[in-house]
There are 2 protein chains.
Amino acid sequence: MNISLETIRQRFKDQGLKSTPQRTAIYKALVETTSHPTAEDLYRHVSQDYPMISQNTVYYTLGVLQQARLIREVNVGHERARYDGNLSPHHHLICHDCQSIVDVMDKKLNEISFPTGLPTGFEITDYQVEFRGYCKRCRTQKA
Amino acid sequence: MNISLETIRQRFKDQGLKSTPQRTAIYKALVETTSHPTAEDLYRHVSQDYPMISQNTVYYTLGVLQQARLIREVNVGHERARYDGNLSPHHHLICHDCQSIVDVMDKKLNEISFPTGLPTGFEITDYQVEFRGYCKRCRTQKA
DNA sequence: CTGCTAGATAGTAATGATTCCTAAAAAAGA
DNA sequence: TCTTTTTTAGGAATCATTACTATCTAGCAG
């Protein structure tokens, strides 16, 4: 889905973040994709419009956006970090082979009741379901 | 919970793995803890009995055991990999601050129905629920 | 509109977990 | 016991990420 520059600037302002062209481009790219890119993916993408951008800026910006709770980190294996600009509650489908991540929107999954018998004092803020399996492409490749 | 050398040797044999003292020690340590240790944690632990063991062996062994599906990798953030020797279906409670992982055993969570409207051809093999929040210790430290 | 200041950027160097490479050692079956 | 195959240990290499730092710029104040 598309996001306007206006909206981005407002969100940054709300979180006390300066709006720079690089930062805006990185955030826009992340919100407008569902591919859960790595820092390098984003670096390559944003480089098309800002050839002088450094990888450092991408890492720094992702850190800032994450702290401001405008984006989230997603993890698959212990490989490089991947990011998600979609903050609405949703879940993930991950392929064991190609590590692709697909969003799962299913209302029922948002209504799981918290487990009982937790360690005393633990306060749950949110949860996420990770479904693992094999995507069509990887299955046909094996056959 | 405790595991006997017998059992370990049998499991290795079933998977066509040689039984070496180092390998046995690493696997035993992993099965007998619920702390989801890193490779380095295991290295330090096993070093007490095998001072000459190399980190390399730990990494190599974890890879072998994972391929044999005797252990699993757990991930919290994009930090170093953590491992779990408990293969029975269970879920995790993770502290945003200290990154500690606690096992959650809750039968209801094992009966979640798979979502509908998935990409065609995707075959789900398993799933896991990750609850995030703040543990008692980190909450009191902030207050 | 202009100047000021905190924060952002880019480039390079450093870090640290993990992997690669290789020779020597050890397991397991014959 | 012998042989083959795998495992181990150690050091070097890799690669994502972070640290450092000088320059630059956004955004506010005047």
Side-chain angles (χ1 to χ4, degrees), chain A residues 5-6 8-29 36-44 46-68 70-71 73-83 99, chain B residues 5-6 8-29 36-44 46-68 70-71 73-83 99:
Chain A
L5 202 57
E6 289 287 291
I8 295 176
R9 293 180 67 90
Q10 188 58 50
R11 288 188 188 169
F12 284 2
K13 194 168 189 178
D14 290 348
Q15 302 303 320
L17 302 181
K18 286 187 183 174
S19 288
T20 69
Q22 294 94 328
R23 179 172 290 177
T24 306
I26 291 166
Y27 181 64
K28 184 175 165 66
H36 311 83
T38 64
E40 207 205 327
D41 293 335
L42 288 165
Y43 171 67
R44 275 202 305 271
V46 176
S47 289
Q48 294 177 359
D49 287 324
Y50 299 89
M52 298 306 291
I53 198 171
S54 73
Q55 301 205 51
N56 202 337
T57 299
V58 177
Y59 281 109
Y60 175 79
T61 301
L62 290 170
V64 167
L65 294 177
Q66 205 181 345
Q67 278 201 319
L70 287 171
I71 67 172
E73 229 178 81
V74 192
N75 301 284
V76 187
H78 61 94
E79 35 122 63
R80 51 178 88 147
R82 299 175 65 167
Y83 297 88
Q99 311 272 74
Chain B
L5 202 57
E6 288 288 290
I8 294 175
R9 292 182 67 91
Q10 188 56 50
R11 289 188 187 169
F12 286 0
K13 193 168 191 179
D14 291 346
Q15 302 303 320
L17 303 180
K18 286 187 182 174
S19 287
T20 70
Q22 294 93 328
R23 180 171 291 177
T24 306
I26 291 167
Y27 181 66
K28 184 175 166 64
H36 311 85
T38 63
E40 208 206 327
D41 292 336
L42 288 165
Y43 171 68
R44 275 203 304 272
V46 176
S47 289
Q48 295 177 358
D49 287 324
Y50 298 91
M52 298 307 291
I53 198 171
S54 74
Q55 301 205 53
N56 201 340
T57 299
V58 178
Y59 281 108
Y60 175 79
T61 301
L62 290 170
V64 168
L65 294 177
Q66 204 181 346
Q67 279 200 320
L70 287 172
I71 67 172
E73 227 179 84
V74 191
N75 301 285
V76 187
H78 60 95
E79 34 123 64
R80 51 178 88 147
R82 298 175 65 168
Y83 297 89
Q99 312 272 70

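We name chains A, B, ... by the order of the sequence lines, and we start the count at 1 in each one. All values below were derived from every heavy atom in this structure, side-chain atoms included, with hydrogens, water molecules and symmetry-related copies excluded.
Looking at heavy-atom distances under 4.0 Å, A:Glu79 makes no contact with the nucleic acid at all. Contact annotation for A:Thr20: backbone-only contact, meaning every heavy-atom pair under 4.0 Å involves sugar-phosphate atoms and none involves a base. Backbone-only contact: B:Pro21 has heavy atoms under 4.0 Å from sugar-phosphate atoms and none from a base. Here B:Thr38 lies out of heavy-atom contact (under 4.0 Å) with every strand.
Atom CD in A:Glu40 sits about 11 Å away from atom P in D:dC15, given to the nearest Å. Here D:dT17 presents its C1' atom at 17 Å from CZ of A:Arg82, a figure rounded to the nearest Å. To the nearest angstrom, P of D:dT8 lies 7 Å from CD1 of B:Ile53. B:Gln15 has its CD atom 18 Å from the C1' atom of C:dA27, to the nearest Å. Atom pair B:Leu62:CG and D:dT7:C1' shows a separation of 14 Å (rounding to whole Å applied). Here the P atom of nucleotide D:dT17 and the CZ atom of B:Arg80 are 15 Å apart, to the nearest Å. In this structure, B:Gln55 places its CD atom 15 Å from P of D:dT8, rounding to the nearest Å. If you measure from atom OH of A:Tyr50 to atom C1' of D:dT25, you get 14 Å, rounded to the nearest angstrom.
Along DNA chain C, the nucleotide closest to B:Ala81 and the one closest to B:Leu17 are compared, and the more 5′ of them pairs with B:Ala81. Comparing B:Ser19 and A:Thr57, the nucleotide of DNA chain C nearest to each residue sits closer to the 5' end for A:Thr57.
For A:Tyr59 and D:dT18, the shortest distance from a side-chain N or O to OP1 or OP2 is not below 4.0 Å. Of the side-chain N and O atoms in B:Arg9, one or more sit less than 4.0 angstrom from OP1 or OP2 of C:dA28. For the pair B:Gln22 and D:dA9, the criterion of a side-chain N or O lying under 4.0 Å from OP1 or OP2 is met.
Looking at the side chain of A:Arg23, the nearest of the listed nucleotides C:dT9, D:dA16, C:dG29 is C:dT9. Of all nucleotides listed (C:dA10, C:dA26, D:dT8), C:dA26 comes nearest to the side chain of B:Lys18. Candidate nucleotides C:dG11, C:dT18, D:dG27 were compared by shortest atom distance to the side chain of A:Ser54, and C:dG11 ranks first. Which of C:dA10, C:dT9, D:dT7 sits closest to the side chain of A:Tyr60 comes down to C:dT9. Comparing atom distances between the A:Asn56 side chain and each of D:dA9, C:dA27, C:dT12 picks out C:dT12 as nearest.
What you find for B:Gln55 and B:Tyr43 is that their closest heavy atoms are N-CE1, 3.6 Å. Residues A:Val58 and A:Ala39 come closest through the heavy atom pair CG1-O, 3.6 Å. Of all heavy-atom pairs spanning B:Ala68 and B:Gln15, the tightest one is O-OE1, 3.5 Å. Contact record, B:Arg82 with B:His36: NE-O, 2.8 Å, taken as the closest heavy-atom pair. Here the shortest heavy-atom pairing between A:Leu62 and A:Leu42 reads CD2-CD1, 3.9 Å.
B:Asp41 places a side-chain N or O within donor-acceptor distance of the main-chain N or O of B:Thr38, the cut-off being under 3.5 Å.
With sequence neighbours left out, the ring pair (Phe, Tyr, Trp, His ring centres under 6.0 Å) criterion links B:Tyr27 to B:Phe12.
When the shell of 6.0 Å around CD of A:Glu79 is examined, it contains more than 12 heavy atoms from other residues, nucleotides or ligands.
Computed from C1' positions of five pairs at each end, the angle between the two local axes of the helix from C:dC1-D:dG30 to C:dA30-D:dT1 equals 40°, rounded to 10 degrees.
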